[in-house]
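The next block holds one structure in the form of structure tokens; read it before the comments.
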Amino acid sequence: MIILKRMTACFVLATLLLGSTTAVAGSEIHEDDKDIATWEWKGIPVINMNEHWAKRLFQWGISQNIINGYSDDSLKPDQVITEAEFLKMFYRAMGVAIPNASANSAYLPSESWTEGPYRIAKLYNHPTTGENNFAMRMKPITKLRVAEIISASQGVHYTGQDAVTYLIGHGLSNSRANSPEQFDEKSTLSRAEALQWIRQLAIHGKLKIYERPKVPTELSLLPDLIDLPSKVIPDFSTEPVTDEDLNLFMHGDFSDLRFGDSKKSIDEQFGESTEQNIFNYNIYPLFNAHFNQSGELDGWSTDSDSDVSPNTAISLLTKKEIVLGKSTLSDIINRYGSAGVSRQGILEYFYIKMKDGTFQDISIYDPIQNIEDVYTITFIVDNETLVLYHIMVTSLKTAWFY
């Protein structure tokens with residue numbers, strides 16, 4: 001497990017360093033002076049959606065390869081989604097590699113792009129109407145069918161209102177309904193509404209795919225909906241931070257690790273570091289640290305399996321008291337907001353330092369004229385327990401090797 005966690009953390013760090021959070025976006029270097037170069041981040045453009053309520057949802061969906069546009073580059077957020085389109089979007093969000101329609105026609109011209117999603121549904125025993133009826137694949141999907149597919153993906157076998165009850169009880173219905181009767185099961189969804197539902201699964205750490213049991217699940221295992229509060233977590237909520245949130249706090253025998261500290265002072269406190277990892281971070285017993293050309297700390301990361309003596313009681317935590325190895329996905333969202341949820345188990349928050357020294361949260365999906373003033377806080381939680389095991393805080397300049 002420790003090796004797997006380290007591999008996952010390294011992979012995420014690598015994607016951050018390469019800027020693949022928004023892999024479809026681009027950047028430009030502007031050289032206004034022969035000795036000064038600034039980077040401009042273009043973000044993720046979404047055609048004809050600047051004023052649409054789901055703009056950021058689609059930017060997120062595109063960045064995670066969950067959704068793509070049509071041949072004319074339109075995204076059609078208000079168009080009713082079909083069963084085939086929903087399955088494709090849903091399984092892509094789960095990490096399944098499903099090509100888009102144009103790629104499918106290029107490499108498998110004799111096969112419909114819909115075959116891939118339905119093969120996955122059959123493999124996992126997920127309920128569909130279009131598996132053996134091609135015409136039904138391009139019919140609008142109802143909220144009830146979506147509820148049955150999502151509940152099935154969680155490893156249970158419920159149908160009809162029981163599937164709705166399961167989702168409501170676990171906060172996965174993307175609805176304020178307190179009962180199946182309030183759920184409006186016969187209605188259809190737009191592409192934007194379907195993507196929003198998938199976003200809610202990500203926020204709850206439920207973008208994991210399981211096989212639906214062949215035998216129906218016991219009804220006695222359904223959650224009790226009595227006095228259940230109706231709540232939907234906002235898609236992209238944020239909480240304020242200060243420069244203190246860039247620091248690593250330690251309850252134990254060591255002083256705190258602070259952004260801007262010199263390597264000399266850190267060596268004196270934690271022991272001299274002479275080794276570096278593949279990302280040029282100096283390796284210390286409790287954390288890894290990156291220093292700028294002036295020898296000042298401009299990035300750090302830590303894992304719950306850091307080399308801590310069993311006789312030393314040390315808690316590593318953030319300013320908002322998110323504790324490594326103890327806090328959960330929901331704790332992080334409660335303290336930092338839901339905007340950082342990137343994909344299963346990974347949260348990435350971005351902030352720009354203003355001229356007055358305050359910090360403002362920003363969307364990495366929008367253009368950034370100068371990354372010099374941008375910072376990121378990243379958390380990784382275990383896929384099963386949803387407990388935090390990795391934290392990384394760095395300037396975006398450092399993350400992208402600028």
Side-chain angles (χ1 to χ4, degrees), residues 54 57 60-61 64 66-67 81 83 86-87 89-96 121 124-128 141-213 216-219 221-237 328-334 338 341-347 381-386:
L57 269 174
W60 169 73
Q64 299 304 318
I66 296 172
I67 195 169
I81 194 168
E83 183 177 84
F86 176 78
L87 289 175
M89 188 188 303
F90 182 64
Y91 291 133
R92 277 185 164 187
M94 296 287 187
V96 179
Y124 286 97
N125 192 33
H126 295 168
T128 66
I141 192 170
T142 65
K143 288 180 63 177
L144 177 60
R145 176 59 72 181
V146 171
E148 291 176 332
I149 293 171
I150 291 177
S151 64
S153 75
Q154 300 304 301
V156 296
H157 187 156
Y158 291 120
T159 59
Q161 291 195 342
D162 294 331
V164 176
T165 298
Y166 177 86
L167 294 187
I168 292 176
H170 288 88
L172 305 177
S173 66
N174 192 39
S175 168
R176 296 191 181 278
N178 289 322
S179 68
E181 291 74 23
Q182 299 175 3
F183 183 68
D184 194 18
E185 63 183 42
K186 294 182 180 179
S187 65
T188 57
L189 303 92
S190 67
R191 282 163 56 86
E193 290 168 332
L195 186 58
Q196 185 182 49
W197 203 336
I198 291 173
R199 174 74 182 171
Q200 285 295 308
L201 297 180
I203 289 171
H204 286 84
K206 297 297 183 180
L207 287 183
K208 299 177 291 184
I209 186 170
Y210 295 99
E211 182 179 0
R212 183 182 71 163
T217 305
E218 291 289 337
L219 296 181
L221 298 177
L222 283 171
D224 190 352
L225 302 186
I226 297 177
D227 297 326
L228 183 73
S230 58
K231 180 182 179 182
V232 177
I233 300 176
D235 298 321
F236 298 97
S237 64
T328 64
L329 173 66
S330 61
D331 294 330
I332 297 168
I333 291 174
N334 286 337
S338 63
V341 175
S342 175
R343 47 198 180 276
Q344 178 64 27
I346 300 171
L347 302 93
V381 302
D382 183 86
N383 277 341
E384 297 299 326
T385 65
L386 301 183

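With respect to Leu329, the side-chain contact (heavy atoms from CB on, under 4.5 Å) criterion is satisfied by exactly one of Leu386, Ile203, Thr385: Leu386.
Aromatic ring orientation, Tyr166 versus His170: tilted (interplanar angle from 30° to 60°).
The salt bridge (Lys or Arg N to Asp or Glu O under 4.0 Å) search around Glu83 returns none, not counting sequence neighbours. Under the salt bridge (Lys or Arg N to Asp or Glu O under 4.0 Å) criterion, Arg212 pairs with no residue at all, not counting sequence neighbours. Applying the side chain to side chain donor-acceptor pair (under 3.5 Å) rule to Thr328 yields the partners Ser330, Asp331; only residues at least two apart in sequence or on another chain are considered. Qualifying side-chain contact (heavy atoms from CB on, under 4.5 Å) partners for Thr142, counting only residues two or more places apart in sequence or in other chains: Leu144, Arg145. Partners of Arg191 by salt bridge (Lys or Arg N to Asp or Glu O under 4.0 Å), not counting sequence neighbours, listed by chain and number: Glu85. Every residue was checked against the side chain to side chain donor-acceptor pair (under 3.5 Å) condition with Glu218, not counting sequence neighbours, and none meets it. Contacts of Tyr124 classified as ring pair (Phe, Tyr, Trp, His ring centres under 6.0 Å), with partners at least two apart in sequence or in another chain: His126. Listed by chain and number, the residues in a side chain to side chain donor-acceptor pair (under 3.5 Å) with Asn125 amount to none (sequence neighbours excluded). Under the side-chain contact (heavy atoms from CB on, under 4.5 Å) criterion, Asp235 pairs with Leu57, Gln196, Arg199, Gln200, not counting sequence neighbours. Applying the side-chain contact (heavy atoms from CB on, under 4.5 Å) criterion to Asn334, with sequence neighbours excluded, gives no partner residue. With sequence neighbours excluded, the residues satisfying side-chain contact (heavy atoms from CB on, under 4.5 Å) with Ile226 are Asp224.
With Glu193 contributing its side chain and Leu189 its backbone, the two residues share no donor-acceptor pair below 3.5 Å. No donor-acceptor pair closer than 3.5 Å links the side chain of Ser338 to the backbone N or O of Ile333. Side-chain atoms of Thr217 come within 3.5 Å of backbone atoms of His157 as a donor-acceptor pair (strictly under, hydrogens ignored). Between the side chain of Lys206 and the backbone N or O of Leu172, no donor-acceptor pair lies under 3.5 Å. At least one donor-acceptor pair under 3.5 Å links the side chain of Glu148 to the backbone N or O of Gly160.
Screening residues 174-189 for salt bridge (Lys or Arg N to Asp or Glu O under 4.0 Å) gives no qualifying pairs among residues at least two apart or on separate chains.
Nearest heavy atom pair, residue Ile149 against residue Pro127, reads CG1-O, 3.3 Å. In this structure, Ile81 and Ala194 approach most closely via the heavy-atom pair CD1-CB, 3.8 Å. Of all heavy-atom pairs between Ala202 and Trp60, the closest is CB-CZ2, 4.1 Å. The heavy-atom pair separating Ala147 from Val164 by the smallest distance is CB-CG2, 4.1 Å. Across all non-hydrogen atoms, the minimal contact from Leu222 to Asp162 is CD2-O, 3.5 Å. Listed here is the closest heavy atom pair of Ala54 and Ala192: CB-CB, 3.7 Å.
A distance of 12.0 Å separates CD of Gln344 from CD1 of Ile209, quoted to the nearest 0.5 Å. Taking NZ from Lys143 and OG from Ser173, the interatomic distance works out to 7.5 Å, rounded to the nearest 0.5 Å. The line from CG of Leu167 to CD1 of Ile150 is 6.0 Å long, rounded to the nearest 0.5 Å. Residue Ile198 holds its CD1 atom at 8.0 Å from CG of Leu207, rounded to the nearest 0.5 Å.
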| Asn178 and Ile168: side chain to side chain contact (heavy atoms under 4.5 Å, CB included), yes or no, with the steps? | CA-CA 7 Å; Asn178 289 322; Ile168 292 176; 5.7 Å; no

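In this structure the side chain of Leu219 reaches within 4.5 angstrom of the side chain of Tyr158, judged on heavy atoms.
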